[in-house]
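Down below is the structure, laid out as structure tokens.
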Amino acid sequence: MLDETISLSTYQAEWKEIYFQEKRVLSAVFQGNDERYEHIGSTSIEGMVAKPIIDIMIGLNSLEIDTMIEEQLKGLGYEGFGEAGVPGRLYYRKRTNPYINLQVTIQGSSIWVHNILFRDYLRSHPEDVFKYSEVKQEIVHSGGTTLLQYSDEKAEIIQQILAKARKWSQGI
């Protein structure tokens, strides 16, 4: 089942190290696939209120994941959900400490570009980090405590920030 109960946390400095530790583990699984790794999502942005779940994006040249990689991911505690409603992205999650969301997509795809653009924009715009954090807290305080509801309710501000990020990246 994709939906789950969520909670928020203030930014934790150890999230960076957790990302690097998990990246090392995943590098052994995906080795030789010309892969790139990115720490994305709110845990990658200093000062951001976030679900305490590390989001890792792996960029590959193909979404063909062989059986051996699938088995290794399962052995590490990852559960696969296929595209989970997002064409062009394979979604896995690990719900043993530390909690990890893993997105596998094509390097250079719109999913790849948008996630990095969103993160990089917020890293350099603390006023939007503050605003986005406030909206996320309001959603949870008003009862949006399941993943799908929370995601739906924050979709509008994500689109607003992404529009600003596009202009920012073009120097507008």
Side-chain angles (χ1 to χ4, degrees), residues 1-9 11-45 48 50-123 136 140 144-155 158-159 161-162 165-166 169:
M1 183 166 151
L2 186 62
D3 209 10
E4 61 185 341
T5 302
I6 60 102
S7 63
L8 297 176
S9 171
Y11 180 79
Q12 305 295 312
E14 67 262 16
W15 288 340
K16 283 182 185 179
E17 183 54 35
I18 293 168
Y19 160 73
F20 285 115
Q21 289 172 2
E22 195 69 12
K23 177 184 171 186
R24 282 190 288 275
V25 171
L26 292 167
S27 292
V29 173
F30 286 92
Q31 183 176 12
N33 283 284
D34 194 27
E35 74 277 10
R36 288 188 49 207
Y37 297 84
E38 294 287 342
H39 184 190
I40 60 167
S42 295
T43 61
S44 70
I45 302 160
M48 177 70 78
K51 297 184 315 290
I53 301 170
I54 308 304
D55 289 297
I56 299 174
M57 183 169 61
I58 301 177
L60 300 175
N61 293 323
S62 164
L63 285 184
E64 303 290 325
I65 304 294
D66 66 37
T67 306
M68 190 168 74
I69 290 176
E70 289 280 353
E71 290 301 317
Q72 289 177 351
L73 289 171
K74 282 181 189 175
L76 293 170
Y78 283 95
E79 181 180 13
F81 289 88
E83 289 186 329
V86 181
R89 176 204 74 174
L90 300 177
Y91 174 69
Y92 299 84
R93 72 179 179 203
K94 181 169 75 168
R95 292 300 181 258
T96 55
N97 203 12
Y99 284 19
I100 308 286
N101 286 339
L102 180 61
Q103 296 186 47
V104 179
T105 192
I106 302 294
Q107 289 181 38
S109 68
S110 61
I111 293 169
W112 180 265
V113 171
H114 289 163
N115 275 287
I116 294 170
L117 179 61
F118 188 81
R119 177 202 62 199
D120 291 352
Y121 172 82
L122 284 171
R123 283 180 174 174
K136 294 194 304 182
V140 169
T145 57
T146 63
L147 176 64
L148 297 179
Q149 180 184 4
Y150 172 78
S151 297
D152 284 346
E153 291 187 32
K154 68 179 186 154
I158 289 172
Q159 290 309 311
I161 293 170
L162 194 51
R166 285 186 190 106
S169 73

_side-chain contact (heavy atoms from CB on, under 4.5 Å) between Leu26 and Tyr78, intermediate numbers included_ = CA-CA 11 Å; Leu26 292 167; Tyr78 283 95; 4.0 Å; yes
*Kindly indicate, with the supporting measurements, whether the criterion side-chain contact (heavy atoms from CB on, under 4.5 Å) is fulfilled by Glu22 and Leu102.*
CA-CA 10 Å; Glu22 195 69 12; Leu102 180 61; over 6 Å; no
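A 4.5 Å side-chain heavy-atom check between Tyr99 and Thr43 finds every atom pair outside the cut-off. Residues Arg95 and Ile53 form a side-chain contact, since some pair of their non-hydrogen atoms from C-beta on lies under 4.5 Å apart. Between Pro52 and Trp15 there is a side-chain heavy-atom pair separated by less than 4.5 Å. With contacts defined as side-chain heavy-atom distances shorter than 4.5 Å, the pair Tyr19/Ile40 does not qualify.
Note that NZ of Lys51 and OG of Ser9 are 12.0 Å apart. Values are rounded to the nearest 0.5 Å.
A donor-acceptor pair shorter than 3.5 Å cannot be found between the side chains of Tyr150 and Glu4.
Between Phe81 and Tyr91, the two ring planes are tilted [angle within 30° to 60°].
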Would you give me the side-chain donor-acceptor pairs under 3.5 Å for residues 56-67, sequence neighbours excluded?
unit_1, atom_1, unit_2, atom_2, d
Asn61, ND2, Asp34, OD2, 2.9
Ser62, OG, Glu64, N, 3.0
Asp66, OD1, Met68, N, 3.1
Asp66, OD1, Ile69, N, 2.8

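A donor-acceptor contact shorter than 3.5 Å links the side chain of Arg93 to the backbone of Leu2.
Every residue two or more places apart in sequence or in another chain that forms a side-chain contact (heavy atoms from CB on, under 4.5 Å) with Asp120 is listed here: Ile116, Arg123, Trp168.
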